[in-house]
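Because the structure is a prediction, the values reported are computed rather than measured. Note: hydrogens, waters and symmetry copies are ignored here, and every other heavy atom, side chains too, is used.
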Amino acid sequence: MDRTINALERRRVRAGVWQRTSPFAIVFFAGRTVRNFARSFIQLVAAFGALAVLIERIPAAVLAIPFGIAAIVAGGVLQYWFFRFRLEEDRILIRQGVFRKTALDLPFDRVQGINVERSPVDRILGLVTVSLDTAGSVAAEGQLPSVSTGLAEWLRTKAGAGGPARSAGAAGDDDGQPAGQVAPAAAGRAGARGEIVLRLAAGDIVRIGLANRNIVLAAAFLGLLSEVLQIGEDAVESAMESAEAAFQAADEIVQTLLVAGFVLSGLALVLAVVIGGAFLRYHDFTLWREGGAFRSRAGLLTQREVVVETAKIQQLTLSQNLLMRLLRGFRLRALPAALLPGQGVEGTGIGRTEVLEVPFLKAPKAEELRSEVFGSEGGSLTLVPQDGGFVRVSPHYVRALTLRISVAAALVSAPLLAPLLAALAGAHFADGAGAPPGEGFPAPSPGGGAAVAAALGVFLWWLVLVPPAALLAWQRWRRQAYLHDRDGLASRSGFFGRKVDAFLFRKAQGVAVNRSPLQRRKGLATLQVQLACGRVAVPYIDHGLACRLRDRVLHRAESSRRRWH
């Protein structure tokens, strides 16, 4: 603990002076350049199939590799050289950018969380990368790469204090101690992890990998990779021909066993990919409770630590997809204030805000965490979607959703269906062009008849789509429900899986009651509550109830003396 305090004191001596981070931050900047390039390259591959073109020109790509590496290293050095930061009593200032200069002035009372990431290089050198998340930004607004752990703990202490220091005759911190020293409580937080709330075992991480929805994407990627790359095709072509001949000469039982073995091998490879990815991300996942904050740490090679103050959590989301339901587990996310849709400045290139996430837990533990986050408020709420206290929305929601799904499906398929119907109708009128028209009626126009036939065909196709759309809407309605008390609301939704969003009324930023024509006829409405992390909607409830909930939300938000962040 003494070494930690001394490191903090040495760092605080340089307060108010522009500083650089460790030179090993060059690795961070070079890695960020590689990640941005890889993300752009993947988008290019998806849009234009540039990977196939690159494979056809391997010699040119090989010659370009040294120049690319040199450019990445040079870019990392330049970004490091032009990166500066300065610590003040109540804020941190960051200046960066080679050609486009950016300046960040970030008060500590705006910080939602101080998150730490440790790459293998950082772990060897005893350094960390600090990300500063704020209310009003979907991305990490600032990052300090390759800094000391003492500086990271000092920043966490300042962010937890929630504001500038107080003065008592001389400059001092929040606890009244002289500048450059750390409060005993802060030093205790720096040296201890606090109470362990949850720790995942190896079996839990395997379940996370099995329930990963990217398992289908991993299988598709491996199949596409095998089709595009065709590594060693010339070398193994003769062996493949021999294997094919032997396969054709074998009896049906052997052929079945070979096919089953091939399928199982591919499935095992896919499972190894997703489970290995789960271990890389969630190895040794541990969740602590430290006073008024939660801290999580996980990662095999790169360790990530996420810290979120309990008071700054806006919403709790408990989700369960179809695979997670089979494993009887849930995923919990504690959402801090973030950028609202359609706001903010693009092109920050820093990275998304870290969210406190528990990737696998059981229902009792989820309820325990909910009560710890909400405290004495929202005692009647629940995060468990199977709870019998949830009330389903009006059955009229099925009718509206059926119409929406069927019309959308018909409109999407109409451009493919209409030309075929028009061609068939045109051929029909062309065959019957020589037939005499009926008395008093002109001969039909081939073009007009084709349009009428196409419209009629699309209408009949829409009628065909109505029953499956109704089945989908009914399944969605079975999941749509809500539960509320005097302090908060929980909204359940989903299709095959389930998701519950719970929040306290005093966290609301805005609330609206909307009514469609069908809702007005049936005396229903949709309640929409805007939070600093997104929007929660409860559709097709009684209009009077929606208005009462709106008034209660507004009253609690305006009369509460507690801060929403």
Can you tell me how far apart [atom1] ([X]) and [atom2] ([Y]) are? Round to the nearest 0.5 Å.
{"X": "Q386", "Y": "R492", "atom1": "CD", "atom2": "CZ", "value": "8.0 Å"}
{"X": "R86", "Y": "R91", "atom1": "CZ", "atom2": "CZ", "value": "10.0 Å"}
{"X": "I196", "Y": "T286", "atom1": "CD1", "atom2": "OG1", "value": "6.0 Å"}
{"X": "E357", "Y": "S319", "atom1": "CD", "atom2": "OG", "value": "8.0 Å"}
{"X": "T317", "Y": "L383", "atom1": "OG1", "atom2": "CG", "value": "8.5 Å"}
{"X": "L316", "Y": "R333", "atom1": "CG", "atom2": "CZ", "value": "11.5 Å"}

Other residues, nucleotides and ligands only: do more than 12 of their heavy atoms fall within 6.0 Å of CZ on F496?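 Counting other residues, nucleotides and ligands, CZ of F496 stays at 12 neighbours or fewer.
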Any donor-acceptor pair under 3.5 Å from [X] side chain to [Y] backbone:
{"X": "Q96", "Y": "T102", "answer": "no"}
{"X": "K365", "Y": "F360", "answer": "no"}
{"X": "S371", "Y": "E368", "answer": "yes"}
{"X": "R479", "Y": "F495", "answer": "yes"}
{"X": "T310", "Y": "G292", "answer": "yes"}
{"X": "R550", "Y": "V511", "answer": "no"}
{"X": "R325", "Y": "R498", "answer": "no"}
{"X": "R289", "Y": "G291", "answer": "yes"}
{"X": "N514", "Y": "Q528", "answer": "no"}
{"X": "W477", "Y": "V393", "answer": "yes"}

We want to know whether T302 and E117 form a side-chain donor-acceptor pair, criterion being a heavy-atom distance below 3.5 angstrom. no
Hydrogens and angles aside, do T526 and Q519 bring a side-chain donor and acceptor to less than 3.5 Å of each other? yes
Can you give me the closest heavy-atom contact between [X] and [Y], atom names plus distance?
{"X": "A490", "Y": "F390", "result": "O-CE2, 3.8 Å"}
{"X": "N321", "Y": "A211", "result": "ND2-O, 3.1 Å"}
{"X": "S146", "Y": "D122", "result": "OG-OD1, 3.6 Å"}
{"X": "A400", "Y": "L518", "result": "CB-CD2, 4.0 Å"}
{"X": "V130", "Y": "A152", "result": "CG2-CB, 3.7 Å"}
{"X": "G379", "Y": "R370", "result": "O-NH2, 4.3 Å"}

Go through the steps for Y282 and S296 under the test side-chain contact (heavy atoms from CB on, under 4.5 Å), then give the verdict. CA-CA 10 Å; Y282 298 114; S296 68; over 6 Å; no
If you define the side chain from C-beta out and look only at heavy atoms, does anything of [X] sit under 4.5 Å from [Y]?
{"X": "N115", "Y": "R304", "result": "no"}
{"X": "R556", "Y": "R552", "result": "yes"}
{"X": "L489", "Y": "V529", "result": "no"}
{"X": "F374", "Y": "L504", "result": "yes"}
{"X": "I208", "Y": "L200", "result": "yes"}
{"X": "L318", "Y": "L361", "result": "yes"}
{"X": "Q480", "Y": "S491", "result": "yes"}
{"X": "L356", "Y": "L287", "result": "yes"}

Where does the angle between the aromatic ring planes of F279 and H283 fall among parallel (under 30°), tilted (30 to 60°) and perpendicular (over 60°)?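 Tilted.
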With under 30° as parallel and over 60° as perpendicular, where do the rings of F83 and F85 fit, or are they tilted in between? tilted
What verdict does the side-chain contact (heavy atoms from CB on, under 4.5 Å) test give for V308 and F294, after you've listed the backbone C-alpha separation in whole Å, the side-chain angles of each residue and the deciding distance to 0.1 Å? CA-CA 6 Å; V308 175; F294 285 96; 5.6 Å; no
Side chain to side chain donor-acceptor pair (under 3.5 Å): pairs with one or both residues in residues 503-512, sequence neighbours excluded: E377-R506
Is D204 paired with R207 through a side-chain N to carboxylate O contact shorter than 4.0 Å? yes
Electrostatic pair E153:R295 at N-O distance under 4.0 angstrom: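 Salt bridge flag = yes for R295 with E153.
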Can you tell which of V536, V500, L545, D501 makes a side-chain contact (heavy atoms from CB on, under 4.5 Å) with Y482?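 That would be L545.
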Tell me, with the steps shown, if L210 and I275 meet side-chain contact (heavy atoms from CB on, under 4.5 Å). CA-CA 7 Å; L210 294 176; I275 293 177; 4.0 Å; yes
Go through the steps to decide whether T402 and W474 satisfy the test side-chain contact (heavy atoms from CB on, under 4.5 Å), and finish with yes or no. CA-CA 8 Å; T402 299; W474 176 79; over 6 Å; no
